[in-house]
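Position 1 is the first residue of the sequence, and the numbers go up from there. Atoms considered below: every heavy atom in the structure, side chains included; atoms not considered: hydrogens, waters and symmetry mates.
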Amino acid sequence: MRNLLFFAIILMVQIVSAQMESQSINDFIGLDTSKEILLDVRTPQEFSEGHIKGALNIDWLSNSFNHRVSFLDKSKKIYVYCKMGGRSLKSQSRLKELGFKNVVDLEGGFDSYSKKD
């Protein structure tokens, strides 16, 4: 029985992991706002110091994150980024828990994006 439970847990982790989509932020070329949302989950201060054009800022660290993202269109693809990648991964997972189906983590974060070119 213990082996069966362990197998089930491993299987669930693999299924959840497979549903998480990532892409290098340096491969991000633009945004079709009719179908996509670009979500910057850094603090407002970080956002004001520089961000990707067209990004919406909802701070992952704020108490209102869940409430604010509830107003986003769940039918749109959401690209999410932060400074280096940690907060965007956590927010990607939370967005999935909240019913968003198509969420892409932009790996490398704004630090990597700002160094490209």
Side-chain angles (χ1 to χ4, degrees):
M1 183 66 173
R2 192 177 274 174
N3 288 341
L4 182 59
L5 180 59
F6 179 73
F7 177 75
I9 290 171
I10 295 295
L11 184 61
M12 288 186 333
V13 167
Q14 288 177 338
I15 290 170
V16 169
S17 297
Q19 294 174 345
M20 298 298 197
E21 185 179 348
S22 296
Q23 157 185 335
S24 171
I25 199 164
N26 293 319
D27 294 337
F28 182 75
I29 55 172
L31 187 66
D32 178 353
T33 56
S34 68
K35 300 177 197 168
E36 302 167 327
I37 297 170
L38 178 59
L39 182 60
D40 183 325
V41 296
R42 298 175 302 151
T43 66
Q45 181 177 343
E46 289 172 305
F47 185 81
S48 70
E49 293 169 359
H51 57 272
I52 301 173
K53 184 179 179 183
L56 171 65
N57 181 226
I58 301 179
D59 182 359
W60 165 252
L61 300 174
S62 76
N63 292 332
S64 62
F65 181 83
N66 289 358
H67 176 71
R68 292 192 58 206
V69 298
S70 71
F71 294 100
L72 299 178
D73 186 345
K74 289 184 179 181
S75 69
K76 291 186 176 185
K77 182 177 210 170
I78 298 180
Y79 292 97
V80 61
Y81 74 94
C82 62
K83 181 175 173 54
M84 294 172 40
R87 289 174 281 179
S88 62
L89 269 176
K90 292 175 187 173
S91 61
Q92 178 189 36
S93 181
R94 176 70 51 82
L95 289 165
K96 291 278 193 175
E97 289 171 8
L98 295 172
F100 292 87
K101 303 289 184 217
N102 198 351
V103 184
V104 179
D105 173 46
L106 294 175
E107 295 176 335
F110 188 74
D111 282 359
S112 181
Y113 182 83
S114 64
K115 292 176 186 171
K116 95 176 184 181
D117 292 333

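A donor-acceptor pair under 3.5 Å links the side-chain atoms of Q92 to the main chain of V103, judged by distance alone. Side chain of K83 to main chain of T43: no donor-acceptor pair is present (N/O by atom type, distance under 3.5 Å, no hydrogens or angles). K96 places a side-chain N or O within 3.5 Å of a backbone atom of K101 that can act as its donor or acceptor partner.
Residue L31 comes nearest to G54 through the heavy atom pair CD2-O, 3.9 Å, listed as atom of the first residue, atom of the second, then distance.
The shortest distance between side-chain heavy atoms of H51 and Y81 falls below 4.5 Å. In this structure, the side chains of S93 and E97 come closer than 4.5 Å at one or more pairs of heavy atoms. Within the 4.5 Å cutoff, side-chain heavy atoms of Q23 are placed close to those of L106.
Remark: L38 CG to N57 CG distance equals 10.5 Å, nearest 0.5 Å.
Counting heavy-atom neighbours within 6.0 Å of N63 CG, excluding the residue itself, gives a total of 12 or less. Within 6.0 Å of atom NZ in K76, more than 12 heavy atoms from other residues, nucleotides or ligands are found, so the atom counts as buried in its surroundings.
Taking the ring centroids of Y113 and F28, they lie at or beyond the 6.0 Å cut-off.
A cation-pi arrangement is found for R42 relative to F110, the charged atom lying closer than 6.0 Å to the ring centre and inside a 45° cone about the ring normal.
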